[in-house]
Protein chains: 2
Amino acid sequence: MATRPTPIPSVWARPQREPDQPALSRAAIVREAIVMLDAEGVEALSMRKLATRLNAGAASLYRHVATKDELMELAVDEVAAEIHVPSADGADWRAAVSEAARSFRTTALRHPWLPPVLGQAGLAYLGPNLMSYSERLAALFTAAGFPDPGTAIDAVLSYVIGMSTTEAAWLTTVSRSGDSESGLIARLLPAVQQATAPHSHLAQGYAETEEAVTTDPAALREAKFEAALEIVLDGLSLRLEAPGS
Amino acid sequence: MATRPTPIPSVWARPQREPDQPALSRAAIVREAIVMLDAEGVEALSMRKLATRLNAGAASLYRHVATKDELMELAVDEVAAEIHVPSADGADWRAAVSEAARSFRTTALRHPWLPPVLGQAGLAYLGPNLMSYSERLAALFTAAGFPDPGTAIDAVLSYVIGMSTTEAAWLTTVSRSGDSESGLIARLLPAVQQATAPHSHLAQGYAETEEAVTTDPAALREAKFEAALEIVLDGLSLRLEAPGS
DNA sequence: CCCTCGATGCGAACACTGTACGCAGAACGG
DNA sequence: CCGTTCTGCGTACAGTGTTCGCATCGAGGG
């Protein structure tokens with residue numbers, strides 16, 4: 001085989017590992033992936049861009065992560081640790097569940113890619129943080145004395161995931177539009193009015209909230225979340241006071 | 001300019017439009033897209049494969065549809081027509097809402113790609129069928145006498161979307177696994193048991209339903225959907241009987 | 001001290017994807 | 001008969017996830 005031209009050895013040419021470059025590791029990859037997801041959404045995350053941010057080649061990532069799906073699963077579990085669930089001392093279950101739901105929503109809005117991924121994950125993701133999240137939720141409901149904690153969890157979790165998914169999607173649309181939330185609403189208004197015009201109830205419902213939606217949209221979103229959550233909590237409370245059946 | 005060699009004109013050479021080839025049209029494209037989505041899921045739908053199925057080139061689709069996202073929006077609206085919402089004659093609102101929720105679930109299971117897309121669509125999709133669906137729901141709640149129909153819709157729709165999303169995702173996983181539902185559960189069981197082992201409430205909750213989950217999973221899924229729905233409906237009923245505020 | 005060996009990084013390639021451009025031919029109105 | 005407009009589409013571009021095989025490197029053993 002041909003001897004390749006011997007390069008002149010030089011201290012300057014020889015690569016020196018930068019000590020503050022924390023090397024490539026699964027944790028570092030997941031951390032940076034979450035940063036990208038938060039900043040630009042789920043479809044802006046590509047293995048190549050992620051690798052570039054880590055001063056690495058795309059193929060290198062696959063030494064630490066089997067596939068992109070697995071990376072997403074790791075990211076979900078990492079972020080799941082941020083959701084706060086009050087401990088089950090049984091004092092006031094309603095306040096505790098409400099707090100858990102609120103905390104889910106705030107982390108979901110901090111990481112808008114989370115709700116859809118989590119919704120589609122379902123039972124498939126078995127990461128430690130997700131498991132301990134479910135465990136704490138289950139502990140809360142059993143301590144409160146619910147005869148069927150599983151159903152209670154289904155109700156509140158499905159509601160929270162569904163609501164957060166659409167709210168996060170809306171916020172993603174807003175941030176991508178480059179406009180403010182009220183600004184985007186104003187620009188969308190003609191289309192919405194035209195679409196709702198033939199439908200009396202929709203038109204009326206929208207007209208009622210039009211002022212609030214243009215002045216302080218964020219507050220209105222939170223109020224809506226809270227109001228519908230109260231409905232679910234009311235339903236739960238009935239299940240608690242009539243333990244027969 | 002050069003005269004190209006005159007081809008011999010022949011009846012057989014001249015292309016004749018097949019009459020049963022319904023040409024390319026927006027409706028035909030959307031219809032075939034739905035077939036593909038139902039059969040193979042959302043990530044198996046590509047413009048090229050869709051075009052091939054229609055005996056067309058990929059670029060031709062863009063004469064009838066601006067972008068793939070727009071195609072998805074059209075598909076969603078098409079499928080939204082299948083969701084049945086009882087008319088608002090105000091007889092028994094609880095049965096009517098329950099029927100609407102059930103119908104949502106069955107169409108969601110018939111088109112498992114629908115719930116996640118719909119959840120992320122939120123307010124963005126303004127198709128006629130989706131609008132009339134919302135309208136009928138709003139009519140139902142106002143006819144029943146709810147003081148705040150919007151919040152009622154939020155509660156039941158969020159719950160239904162959240163629950164259907166995870167259920168549809170599970171069914172997609174099952175169909176992709178090539179195994180039966182109980183078979184897949186059996187294969188997943190070790191991993192689940194290992195993951196839930198350190199968490200007492202989860203382990204207990206799973207142990208309780210293990211028999212039902214392996215014998216008739218479909219019935220268990222439906223029962224779970226129904227049970228949590230009852231909680232939401234209970235919460236709604238309170239909102240109705242105390243119209244003050 | 002050298003030498004091997006497993007782990008790590010990565011350039012190049014493969015099989016895809018959504019979409020833009022511009023040309024060919026048919027349809028149709030004047 | 002000519003122009004214009006509409007429809008289909010071959011080709012190309014920029015990107016994707018993932019694999020292969022090779023280079024490099026640090027540690028451990030002789």
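Here is the naming used below: chain letters follow the sequence lines, and residue numbers restart at 1 for every chain.
For A:R221, the side-chain hydrogen bond (donor to acceptor under 3.5 Å, both in side chains) partners are A:E167, A:E181, not counting sequence neighbours. Residues meeting the side-chain hydrogen bond (donor to acceptor under 3.5 Å, both in side chains) test with B:R48, sequence neighbours left out: none. The salt bridge (Lys or Arg N to Asp or Glu O under 4.0 Å) test applied to A:E40 returns A:R53, not counting sequence neighbours. Not counting sequence neighbours, the partners of B:H111 by the side-chain hydrogen bond (donor to acceptor under 3.5 Å, both in side chains) test are B:D38, B:E82.
In this structure, the CG atom of A:L61 is 12 Å from the C1' atom of C:dT8, given to the nearest Å.
Identified under the ring pair (Phe, Tyr, Trp, His ring centres under 6.0 Å) test for residues 158-194 of chain A, with sequence neighbours left out: A:Y159-A:F225.
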- Query: What string of B, S and - do you get for nucleotides 10-20 of chain C, 5' to 3', if B is base contact, S is sugar-phosphate-only contact and - is no contact with any protein heavy atom under 4.0 Å?
  - Reply: BB-B---BBBB
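A sub-4.0 Å separation between OP1 or OP2 of D:dC6 and a side-chain N or O of B:H64 is absent.
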